[in-house]
Structure formats: structure tokens, C-alpha cells
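Below you'll find the structure, written out as C-alpha cells, and then a few comments.
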Amino acid sequence: MTSNIKIKRINSEISSIIIDEPKTYNSLSFKNLSDLLKSLKKLDADKKTKVIIIQGAGKGFSAGHNLKEVRSLKKKDKYQKLFNLCSKVMLQIVEGKKPVIAKVHGAAFAAGCQLVASCDLAYSTKDSLFATPGVNIGLFCSTPMVAVSRKINRKPMMQMLLTGEPIKANYAKEIGLINDHFSKSKLNDEVLKVAKKIASKSNLTIKIGKQAFYKQLEMPLRKAYAHTSKMMTVNMMAMDAKEGISAFLEKRQPNWKHK
């Protein structure tokens, strides 16, 4: 069976994962989630890839779960399996070593909005829409809210969840769901600009920093400082930190050991 999840290498350091099933608005079906997880793991293990971009083909980013598939499941264990798999994909993005950027156009709804929120960075077109619309079909967006509520404040989150109404890109930026929005003609260049900037940094430093960032968020203040002090020490003992500091003091470009 051919996969709807395509990997495209943009250059030697940046790879893109494309959800390519426009006829279902890039739904996050069992098959697509499973292939998305495999692709994320593959790129996370790939030594050349430094930054991963996720995007959708066709009219938009992703409408979330495939409701025809959801309706056909019928059994409790099958529902549980689907939602567990979706959670595994989101955790892989957060717990993976590489920064992941969502490049959004059109709609990012329900689990599609969850996917955007799970990414480390997110950029969209000006006409993009974001929603957790489960309440409209009697299925509260409980798993999507885990990712989204960790990126935005409670009041706008509850408004999205309780009304099911979509929000526009400018408001999504205002509340912190996305980093920025651009015209359709500029989005690709702007995302690549950010990806190239990140790719120019030390791979090891980015890995240590990303993992420490998410871990400390879940900790009480005192524990967070103890953990990050430990991680700063680990980072400082690496050759890249020594090289970076020397390069800064010597006013030259660093020559990273961990490319």
C-alpha cells in the first residue's frame, strides 16, 4: 500500500514531511498517523537532517481524524488504539532531538490543530484557520487540547473548545498558537529562512536545549533550576560550547564539531 506521507529533502540539512491525501483534507487516519510516526523517527535518526518541516498538500494542512474511519471503528479498543497512536505522534515531535516546524496553509482543525501546536515552531498563511471543533459533532477535543493548551492561555483555549469556532491566523499569532503568518507567496521562503538559521547552529546544543526546554516546563521551579543547571553543565563540557565561546571572544564564525 502506498503511503500518503512523503519525505522531501529540501537541502542537506532540512527535510520536509508532506501529508499528501488532499481528498480527505490530509486526515490523520490510522495509516497516515502510523506513516507519520515512522517518518518522524526516520528523520530524527538521520544524521544529516537538522530541521524537520511538516506541511499538508492540496487545499490545507489537516482536518484532523478521518471521521468516516472513526465512525466505522465502533469498538472501544479500536478508538483507544487510534487516540493512543495520535498521542505517540505528538510525543515523538516533542521528545525528538530535531526541531520541528509546522508550515500551515488552509485549515488546521482538531487533531490537525494539535499537530500544529505540538511542533516547536509554526508559521502559516494569512488566511489559515485553526479550530478545535469537536464540540460541534459531540466529541470534545480532549487530546488536541493537551497540545494547544500548553501553547496558549486558558481563556482563549476554552473559547475554542466550547464554541468550536475557528480562529484566524492573526489571532492565532496573538495568543501564541503560531509564531507568525505571511502571504502565500512568502510563506515558504520565510519558513526556510528560519530553518536555515536553526540548521547553522550546533546540532548537539539544539538537541540538549530542546529536550531540557520541554522537561523543565513540567517541573516545579526549584526542580527546573536543578535540572537545567545540570543540562548547562553537560552542554558546557561538550566541544561545541568551548568552540562557540572561543569563536565569540575571537570574533570569528564557530566551526561546530557536531554538525
Side-chain angles (χ1 to χ4, degrees), residues 7-18 36 39-55 90-104 115-124 147 150-151 173 176-182 185-219 221-259:
I7 294 176
K8 181 184 172 188
R9 195 171 279 284
I10 292 166
N11 62 28
S12 59
E13 298 176 325
I14 303 163
S15 292
S16 180
I17 296 174
I18 302 156
L36 187 53
S39 297
L40 284 162
K41 284 183 174 178
K42 183 180 176 180
L43 290 178
D44 209 52
D46 176 46
K47 287 181 179 173
K48 287 183 179 175
T49 299
K50 284 191 171 188
V51 182
I52 301 164
I53 296 167
I54 297 181
Q55 61 193 90
M90 306 305 158
L91 284 167
Q92 174 61 37
I93 292 169
V94 173
E95 294 173 355
K97 300 188 286 284
K98 316 282 170 78
V100 183
I101 304 173
K103 186 172 94 174
V104 186
L115 184 56
V116 173
S118 297
C119 292
D120 304 299
L121 301 172
Y123 300 89
S124 81
R150 279 162 170 73
K151 295 288 162 87
K173 179 187 175 182
L177 179 58
I178 62 171
N179 294 81
D180 213 342
H181 53 80
F182 304 98
S185 60
K186 283 188 176 176
L187 178 65
N188 193 55
D189 287 347
E190 293 294 339
V191 169
L192 277 181
K193 203 186 287 179
V194 175
K196 284 173 183 173
K197 192 169 278 187
I198 296 166
S200 73
K201 316 298 179 192
S202 154
N203 220 7
L204 178 70
T205 304
I206 293 284
K207 180 182 95 168
I208 292 170
K210 173 175 168 169
Q211 291 175 336
F213 174 77
Y214 288 112
K215 204 161 187 182
Q216 64 84 25
L217 279 178
E218 307 302 322
M219 295 175 174
L221 191 63
R222 195 170 288 274
K223 277 191 175 178
Y225 272 119
H227 177 69
T228 51
S229 294
K230 195 166 109 186
M231 295 319 293
M232 285 283 279
T233 305
V234 168
N235 194 169
M236 192 57 234
M237 294 308 292
M239 287 303 293
D240 278 1
K242 295 180 172 78
E243 166 61 14
I245 291 167
S246 295
F248 178 80
L249 294 172
E250 292 159 22
K251 295 181 173 59
R252 60 175 175 82
Q253 285 296 312
N255 180 26
W256 304 124
K257 303 292 181 272
H258 292 87
K259 291 182 179 176

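All values reported here derive from a predicted model rather than from experimental measurement. We're numbering straight along the sequence, starting at 1.
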Taking every non-hydrogen atom, the tightest pair across [X] and [Y]:
| X | Y | value |
| --- | --- | --- |
| V51 | A199 | CG2-N, 4.0 Å |
| W256 | K201 | NE1-C, 3.6 Å |
| S118 | V94 | O-CG2, 3.8 Å |
| V104 | L187 | O-CD2, 3.5 Å |
| P254 | G244 | CB-CA, 4.4 Å |
| I178 | S124 | CD1-OG, 3.5 Å |

Could you pull out all residues at least two apart from [X] that satisfy side chain to side chain contact (heavy atoms under 4.5 Å, CB included)?
| X | answer |
| --- | --- |
| T49 | R9, S15, L43, D46, I52, K98 |
| I10 | I14, S16, I53, L192 |
| Q92 | L37, L40, K41, D44 |

In chain order, what residues pass the side chain to side chain donor-acceptor pair (under 3.5 Å) check against T205, with sequence neighbours excluded?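 T205 satisfies side chain to side chain donor-acceptor pair (under 3.5 Å) with S202 once adjacent residues are dropped.
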Which residues pass the side chain to side chain donor-acceptor pair (under 3.5 Å) test with E243, not counting sequence neighbours?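 Side chain to side chain donor-acceptor pair (under 3.5 Å) list for E243, sorted by chain: R252.
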Measuring only between side-chain heavy atoms, which start at C-beta, is [X] closer than 4.5 Å to [Y]?
| X | Y | value |
| --- | --- | --- |
| I206 | P99 | yes |
| I101 | N179 | no |
| Q55 | I17 | no |
| R150 | L217 | no |

Rounded to the nearest 0.5 Å, what separates atom OH in Y123 from atom NZ in K193?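 Result: 10.5 Å between the selected atoms.
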Distance from I198 atom CD1 to N203 atom CG, nearest 0.5 Å?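 With rounding to 0.5 Å, CD1 (I198) is 11.5 Å from CG (N203).
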Using atom types as modelled, flag every donor-acceptor pair under 3.5 Å from a side chain in residues 221-234 to any protein atom, sequence neighbours excluded.
from, atom 1, to, atom 2, distance (Å)
T228, OG1, A224, O, 2.8
T228, OG1, Y225, O, 3.3
S229, OG, Y225, O, 2.8
T233, OG1, S229, O, 2.8

Pairs involving residues 207-216, ordered by first then second residue, that meet side chain to side chain donor-acceptor pair (under 3.5 Å) (sequence neighbours left out):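 For residues 207-216: D120-K210, D120-Y214.
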Residues that K151 engages under salt bridge (Lys or Arg N to Asp or Glu O under 4.0 Å), provided they are two or more places apart: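 Partners of K151 under the salt bridge (Lys or Arg N to Asp or Glu O under 4.0 Å) test: none.
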Could you work out, with salt bridge (Lys or Arg N to Asp or Glu O under 4.0 Å) as the rule, every residue matching K42, not counting sequence neighbours?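 For K42, no residue satisfies salt bridge (Lys or Arg N to Asp or Glu O under 4.0 Å) once neighbours in sequence are set aside.
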Applying the side-chain contact (heavy atoms from CB on, under 4.5 Å) criterion to I54, which one of V116, I93, I18 satisfies it?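 It is I93, the one option of V116, I93, I18 that forms the side-chain contact (heavy atoms from CB on, under 4.5 Å) with I54.
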Kindly check if the number of other-residue, nucleotide or ligand heavy atoms within 6.0 Å of CD (Q253) is above 12?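 Atom CD in Q253 is not packed in, count stays at 12 or less.
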